[in-house]
2 protein chains.
Amino acid sequence: MQAQAETRQRLLDAAATTFARKGYTAAKLDEIAEAAGYSVGAVYSNFASKEQLFSELMAERAADRVGAVAEVLRSARPDQPGGAFGELGRLLIDGADKNIEVAALQTEFWLHAIRNPDTMGILAESTRGTLDLLLDVVTRLLEEHRVDQSIVSAEAFAVVVLALYQGLTRQRRTDPSRVSEDLFGQALSWQLAGMPKLRD
Amino acid sequence: MQAQAETRQRLLDAAATTFARKGYTAAKLDEIAEAAGYSVGAVYSNFASKEQLFSELMAERAADRVGAVAEVLRSARPDQPGGAFGELGRLLIDGADKNIEVAALQTEFWLHAIRNPDTMGILAESTRGTLDLLLDVVTRLLEEHRVDQSIVSAEAFAVVVLALYQGLTRQRRTDPSRVSEDLFGQALSWQLAGMPKLRD
DNA sequence: GTCTATACCCAGATAGAC
DNA sequence: GTCTATCTGGGTATAGAC
């Protein structure tokens, strides 16, 4: 890797954790630079402004956690003890528990995009990537459960899965006792069970 | 209403929209005071600090939108044309479309509570109020659909409904084309249809 | 209780040396 | 390309008058 590119990457990494921990406005470029092992000047040598640093991060990181989600979903074996997707849901919830910064950063992206419509396209595109990762996994799930995909599109289901994941993660942070490790898996299996099926 | 209490209320209202539009750190007390028709001094006569103003808002507003959610759910007549809960989902999504500030403020609350654990209790309590509003409504739904509540608790379902609502709202803002007005209602009806039922 | 004025500090961005 | 020093603006919080 070129020295330049490495600097950029380190700054982006430092920016990710700092923005996640403090929020966009409260995060200081000073702090980001220091966390990356550089000085403020380095930031401005590589990015036009704080705003642009954030935007680039948004483009780079939006699909982040989703990779893990898709990975887990892919390797998941449905219909296990403790309800279908029990294992799956637990893995995802555990991951979210351990890595609060990912959720915080994603949320920070959304708020920023809401307030700066010019950047919403970046977020939409990144999230599109996330959904694509989910798409082939949930397609397999729909097939296994013999769901009629002329009625329930895989795209729609992928969106619902992501929404559930985001919403439950948020509520679990707010009060863990309300969101058991099994809840995500249970909700998923109820969804699948209730969808219209292909005739035999 | 006492003059004092009225000032407080106006400041809280102004704070709500300003924090929603700009975010906690970027929102200026100056701006809030002006929006309320007062000056900065009035803020400090009524609240100890910016932080405390925000905390009080959090306690007061967390259940906000949920009132509407529960109201709609309560009056909703399931099993209508276009899929069960079609009307319901559309009303909720419409509401969210029109009032972006509520979602932004709630999200702002969550991020702030994540970063200031002392205030998480306030958010948890307020959200508890929201869930309580949902609880008796979803209980009715579970009964109507003859769901076995010894397996599926109304509390768990309420949490899932709220999670879905929050997640879909967020994704609809990101890209409306991915979240049709019907999707929330569809997801709800799939959920209910797939839950274990009481025997006849 | 509310206002105006000010103290105090802090952070984004730029200039110029290396 | 990176650093140090600085310019500049702005925002929380307080003091004192009314």
Side-chain angles (χ1 to χ4, degrees), chain A residues 1-58 60 104-105 108-109 111-113 115-116 118-119, chain B residues 1-58 60 104-105 108-109 111-113 115-116 118-119:
Chain A
M1 190 187 260
Q2 303 249 344
Q4 242 123 308
E6 197 169 322
T7 300
R8 269 182 77 89
Q9 196 53 53
R10 283 185 190 163
L11 287 170
L12 282 168
D13 290 345
T17 70
T18 307
F19 282 135
R21 284 205 253 251
K22 304 285 185 70
Y24 176 75
T25 312
K28 305 156 209 174
L29 289 180
D30 201 356
E31 202 180 348
I32 292 172
E34 191 180 14
Y38 294 90
S39 187
V40 220
V43 175
Y44 284 96
S45 297
N46 288 279
F47 303 92
S49 64
K50 185 182 187 181
E51 167 69 29
Q52 209 222 27
L53 169 60
F54 190 79
S55 292
E56 284 210 26
L57 191 63
M58 205 158 107
E60 197 203 55
L105 188 58
E108 203 66 44
F109 286 160
L111 280 176
H112 188 269
R115 293 163 183 156
N116 305 273
D118 288 355
T119 66
Chain B
M1 190 186 262
Q2 304 249 343
Q4 238 124 310
E6 196 169 324
T7 301
R8 269 182 77 88
Q9 197 52 55
R10 283 187 190 161
L11 287 170
L12 282 167
D13 290 346
T17 69
T18 308
F19 282 135
R21 284 203 254 249
K22 303 284 185 70
Y24 176 76
T25 312
K28 304 155 207 171
L29 288 180
D30 201 356
E31 202 180 349
I32 293 173
E34 193 180 12
Y38 294 91
S39 186
V40 218
V43 175
Y44 284 96
S45 297
N46 287 279
F47 304 92
S49 63
K50 184 183 187 181
E51 168 69 29
Q52 210 222 28
L53 169 59
F54 190 78
S55 293
E56 284 210 27
L57 191 62
M58 207 158 106
E60 197 203 54
L105 188 59
E108 203 66 44
F109 286 160
L111 279 176
H112 188 269
R115 293 164 184 156
N116 305 272
D118 288 356
T119 67

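Throughout, a chain's letter reflects where its sequence line sits, starting with A, and its residues are numbered from 1. Keep in mind that what you see is a predicted model, and the values were worked out from it rather than measured.
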Next on the checklist: B:F19: which residues meet the ring-ring contact (aromatic ring centres under 6.0 Å, His included) condition with it, sequence neighbours left out?
Outcome noted: B:Y24, B:F54

Item to check | Selection: residues 42-53 of chain B, any non-hydrogen atom under 4.0 Å of DNA chain D | outcome: B:Y44, B:S49, B:K50

Item to check | Set of residues satisfying ring-ring contact (aromatic ring centres under 6.0 Å, His included) with respect to B:F47, sequence neighbours excluded | outcome: none

Checklist entry - For B:T119, what residues pass the side chain to side chain donor-acceptor pair (under 3.5 Å) criterion, not counting sequence neighbours? => result none

Checklist entry - Does the pair A:E108 and B:R115 meet the rule for a salt bridge (Lys or Arg N to Asp or Glu O under 4.0 Å), with working shown? => result CA-CA 12 Å; A:E108 203 66 44; B:R115 293 164 184 156; 2.6 Å; yes

Checklist entry - In chain order, what residues pass the side chain to side chain donor-acceptor pair (under 3.5 Å) check against B:D30, with sequence neighbours excluded? => result none

Checklist entry - Who pairs with B:A36 by side chain to side chain contact (heavy atoms under 4.5 Å, CB included), at least two apart in sequence or on another chain? => result B:R10, B:L11, B:A14, B:Y38

Checklist entry - Near DNA chain C, which residues from residues 4-13 of chain B have a heavy atom under 4.0 Å away? => result B:Q4, B:T7

Next on the checklist: Which residues pass the side chain to side chain contact (heavy atoms under 4.5 Å, CB included) test with B:A26, not counting sequence neighbours?
Outcome noted: A:T25, B:K22

Next on the checklist: Would you compute the distance between atom NZ of B:K50 and atom NZ of B:K28 and round it to the nearest 0.5 angstrom?
Outcome noted: 10.0 Å

Checklist entry - If only atom types and distance count, is the side chain of A:E56 paired as donor or acceptor with the main-chain N or O of A:Q52 below 3.5 Å? => result no

Item to check | Bounds of contact between DNA chain D and chain A, in 5' to 3' order, using a heavy-atom cut-off under 4.0 Å | outcome: D:dG1 to D:dT4

Item to check | Residues which pass side chain to side chain contact (heavy atoms under 4.5 Å, CB included) with B:Y44, listed by chain and number, not counting sequence neighbours | outcome: B:L29, B:V40

Checklist entry - Of all of residues 17-39 of chain A, which get a heavy atom below 4.0 angstrom from DNA chain C, listed by number? => result A:A27, A:K28, A:L29

Item to check | All pairs passing salt bridge (Lys or Arg N to Asp or Glu O under 4.0 Å) where residues 32-46 of chain A contributes a residue, at least two apart | outcome: none

Checklist entry - Cut-off 3.5 Å, side chains only: do B:E60 and B:Q9 have a donor facing an acceptor? => result yes

